[in-house]
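Each chain gets a letter, A, B and so on, in the order its sequence line appears, and its residues count up from 1.
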Amino acid sequence: MGSRDGILEPGTYFMRGNDACVEGALIAGCRFFGGYPITPSNEISALMARKLPLIGGVFIQFEDEIASIMGVIGAANAGVKSMTATSGPGFSLMQEAIGLAYMIETPIVIVNVQRGGPSTGLPTQVGQGDFLQTHYGSHGDYMTIVYLPNSPQEMFDMIIKAFNAAWTYRVPTILLSDQMVGHMIERVVIPSLEDILVVDRVKPDVDPEKYLPFDSKYLVPPMAVAGEGYRVHLTGLAHDERGYPTTNPETVSKQYERMAEKIRRNEDRIIEWEEYLTHDAELIIVAFGITSRSALKAVKDARRLGYRVGLFRLKTGWPFPWKPLTRLAEQGCRFLVVEINAGQVVRIVREYIPNELVYHLPWHPGSVPPPEIILKKIREVFNG
Amino acid sequence: MSREILITPSIDEIKSLMRVERLPHIWCPSCGIGIVAKAYVEAVLRSSIPLDKHVIVSGIGCSSRMPGYIKLDGYHVIHGRAIPFSVGLKSVNPELEVTIFAGDGDLITIGGNHFIHSIRRNDDINVIMINNYIYGMTGGQYGGTTPPGSRTLTSPYGHLEHNFNMPLLAATLGAPYVARWTVLHYRQIVDTLLEMFNVDGFAFLEVISPCIVYTDMNRMESIEFMRDLRRRVVIDNDADLSDLSISMDPDTRIVVGKFVNRESESFQTRYYRLIKKLGGDLDG
């Protein structure tokens, strides 16, 4: 395999979240990074710029985030695992291209290290206001896969999962982190390479004349890339199995349906969540990212005070783990959603759980709701 | 170094590289884009680069429909962003010969920022801008190349803004190869494209083309537009590039030619030399 100078040896490290994300991406096979400077994601591009050329990869700092994500989509269509990293304003600029990646079924990975929004907002402070944007930011109906790390270790683990999901399902995949997780320095264990699952592109196994880039007989068609002789035509226009533009309603809906089904039917394989003391809980806190760490402390404190409280931590945002959540609801508990925004995850929870059972603790960006505040809310819920 | 074929390919050879099943095309009668498409197909067939390594990329607009009719790897992406997509493709696979076809609105109006930075970086791509002075597909709005005074859907009293002088802009930014032709110059376009394939860096060609949307709004027949082009065109490879602005005034010249062809090293060449120097493993 040759030089591995850029790839970190297995071991236990004390590492910043954003750096752990780079180490994981390189192990997952990322060999192209396109990005534009933005706080608080900058450590990612800095480390990528240093490491990628050491392992034969290419780093480009583009003129803006639109160019960055387009470069990433281009590189992926040459068959190379590619990613970008950004934060709120840059993520907003990328939205149109995310729709393109979905439409031409190009596997790309986007890291959004969230800061406080809207607009320039709080560039150096934490926020969780981009949760809905990861699924609804681009125009039209589309799907993404979204991972929600809450530690540097998960920045490492989940960027690998993000690459695997992107290349398994040919869909834009997002690692939705935040300023605190990105900048936090903690223990990160890097396993040996043999113990890490890395998924690669499924290549076409038919002759170019027989190849259909969007063959309906597959949920996820094998992917030909530029220069392989398949002579693909890919377009952001609605298209048929050949990739040719069409407005035929039947053809168009068949393709739209397949693109949605490839995620829906694999939902159980993709979703991830974590439960803590939910088995006997009367109230379950729902949280993700940095907020879940504060919530965990609040749960422990509440337990000491005799409140039967548990934690349901979202590890994927999309697909949303609604099945395990509704299973918990069957045990007759109530839910308290805590998030650093005015109410995004809570909307989704309320899609599946009756409104009167769902409480909400919204929080403005700039800080993490402290455990004491969450505990106070828990007491309010219990004491009416 | 190049082993180009000198003879013009037969119509069957041209057709072999077309997605004939997609015809008829969407272009209007009297549109010039098809001429450029044929010139590109001829250049590709004559080039020494294997067909499978030619890639065609476009954004949105009439010109950007070209990859849909040509049987090469083709990517029809979003408006104004063909350049960065191509930079990604080319940067990870330097064997690819990436050619962009764009309209003026797509390339220099919405996509202007990518144009200037890609030339500054000197990406190894070929960029052909088909300039019809207008947004044809959306019904005839003005753009960054619309000559002052032109009537368009959004400048009904005559256009008040100045237009880009594209060869001057590209040359000033440092593009190693800059040319301009009109659709009357089929052979010159083919020759220019063959030269562009050999440039290690940003090769730029502007092709002036009639658009019935533009000519209708400016009360002329397409054929008049073509006659006017023929009358006004002057081939001058050594022209002072600041004289290349396009005016509505029928008494002014439209200067065409191969203006710049200089030694160049692309960003991609420099980057791969860096990888080699660092001992980077390309298969790593």
Side-chain angles (χ1 to χ4, degrees), chain A residues 1-7 26 29 31-32 34 51-64 66-82 96-97 99-100 103-104 106 208 224-237 239 242-245, chain B residues 17 19 21-22 26 50-58 60 65 67-93 95-98 113-114 116-118 120-121 123 267-268 271-272 274-284:
Chain A
M1 292 292 278
S3 163
R4 285 276 175 201
D5 292 341
I7 304 274
L26 299 181
R31 292 296 177 273
F32 180 84
K51 288 209 160 188
L52 272 172
L54 293 172
I55 52 171
V58 177
F59 169 90
I60 301 180
Q61 183 180 306
F62 279 93
E63 52 273 17
D64 58 28
I66 303 173
S68 303
I69 189 166
M70 288 304 290
V72 166
I73 299 171
N77 275 293
V80 171
K81 289 185 182 168
S82 307
E96 186 191 6
L100 173 73
M103 200 65 160
I104 62 175
T106 298
V225 300
E228 282 187 322
Y230 284 89
R231 313 264 185 102
V232 295
H233 176 62
L234 302 192
T235 173
L237 286 162
H239 45 259
R242 299 169 298 176
Y244 293 173
Chain B
L17 212 57
R19 298 183 190 269
E21 68 275 24
R22 286 223 49 219
I26 66 153
L51 293 179
D52 287 343
K53 299 301 170 196
H54 278 283
V55 182
I56 175 168
V57 179
S58 69
I60 296 298
R65 288 303 190 98
Y69 304 116
I70 298 176
K71 209 183 286 174
L72 294 170
D73 280 320
Y75 298 89
H76 177 226
V77 299
I78 54 176
H79 196 26
R81 319 300 171 196
I83 287 178
F85 181 94
S86 303
V87 172
L89 269 179
K90 178 71 188 181
S91 296
V92 298
N93 186 353
E95 278 187 8
L96 302 175
E97 187 62 37
V98 183
N113 199 31
H114 310 309
I116 63 175
H117 283 281
S118 188
R120 178 184 57 76
R121 208 162 37 227
D123 291 311
F267 167 77
Q268 285 71 21
Y271 202 96
Y272 278 82
L274 170 72
I275 290 175
K276 211 171 157 192
K277 188 178 138 207
L278 294 172
D281 174 12
L282 292 177
D283 301 319

B:Glu21 versus chain A, heavy atoms under 4.5 Å apart: side chain, backbone, both or neither? side chain
Looking only at heavy atoms and a cut-off of under 4.5 Å, which of A:Glu228, A:Arg242, A:Glu96 has the most pairs with chain B? A:Glu96
Region of B:Ser86 in contact with chain A, defined by heavy-atom distances below 4.5 Å: neither
So which atom in A:Ala226 and which in B:Leu89 form the shortest heavy-atom distance, rounded to 0.1 Å? CB-CD2, 3.8 Å
Considering all heavy atoms, the nearest A:Phe32-B:Gly88 contact: CZ-CA, 4.1 Å
Structural part of B:Leu17 lying under 4.5 Å from a heavy atom of chain A: side chain
Does A:Val232 reach the side chain of B:Tyr75, with side-chain heavy atoms less than 4.5 Å apart? yes
What heavy-atom pair brings A:Pro53 and B:Leu278 nearest, and what distance separates the two atoms? CB-CD1, 3.6 Å
Should B:Leu51 and A:Arg231 count as side-chain neighbours, where that means a heavy-atom distance under 4.5 Å? yes
Do A:Met70 and B:Ile83 touch side chain to side chain, with heavy atoms closer than 4.5 Å? no
What option among B:Ile78, B:Asn93, B:Val87, B:Ile70 has the most heavy-atom pairs under 4.5 Å with chain A? B:Ile78
Under 4.5 Å from any heavy atom of chain A - which part of B:Val77: both
Using side-chain heavy atoms (C-beta onward) and a distance below 4.5 Å, is A:Val58 in contact with B:Tyr272? yes
Contact part of A:Ala76 toward chain B, heavy-atom cut-off under 4.5 Å: side chain, backbone, both or neither? neither
Looking only at heavy atoms, what is the nearest atom pair of B:Val92 and A:Ala78, with distance? CG2-CB, 3.4 Å
Nearest 0.5 Å, what's the NE2-CD1 distance between B:His79 and A:Ile66? 11.5 Å
Chain A: which of B:Gly74, B:Ala82, B:Gly80 shares the most heavy-atom pairs with it under 4.5 Å? B:Gly74
Do B:Tyr69 and A:His233 come close enough that some side-chain heavy atom pair is under 4.5 Å? no
Side-chain contact test, heavy atoms from C-beta onward, threshold under 4.5 Å: evaluate it for B:His76 versus A:Leu234 and give yes or no. no
Pick one of side chain, backbone, both or neither for B:Tyr271, based on which atoms fall under 4.5 Å of a heavy atom in chain A. side chain
Answer yes or no for B:Arg22 and A:Tyr244: cation-pi contact, defined as NZ/CZ to six-membered ring centre under 6.0 Å and angle to ring axis within 45°. yes
Spacing of CG belonging to A:Asn77 relative to CG belonging to B:Asp73, to within rounding of 0.5 Å: 9.5 Å
Any side-chain heavy atom of B:Ser91 sitting closer than 4.5 Å to one from A:Ile60? yes
Do the charged groups of B:Arg120 and A:Glu63 touch, with an N to O distance under 4.0 Å? no
Can you find a pair of side-chain heavy atoms, one from A:Tyr230 and one from B:Asp52, that are under 4.5 Å apart? no
With chain A, the option among B:Arg121, B:Glu95, B:Lys53 that has the most non-hydrogen atom pairs under 4.5 Å is B:Arg121
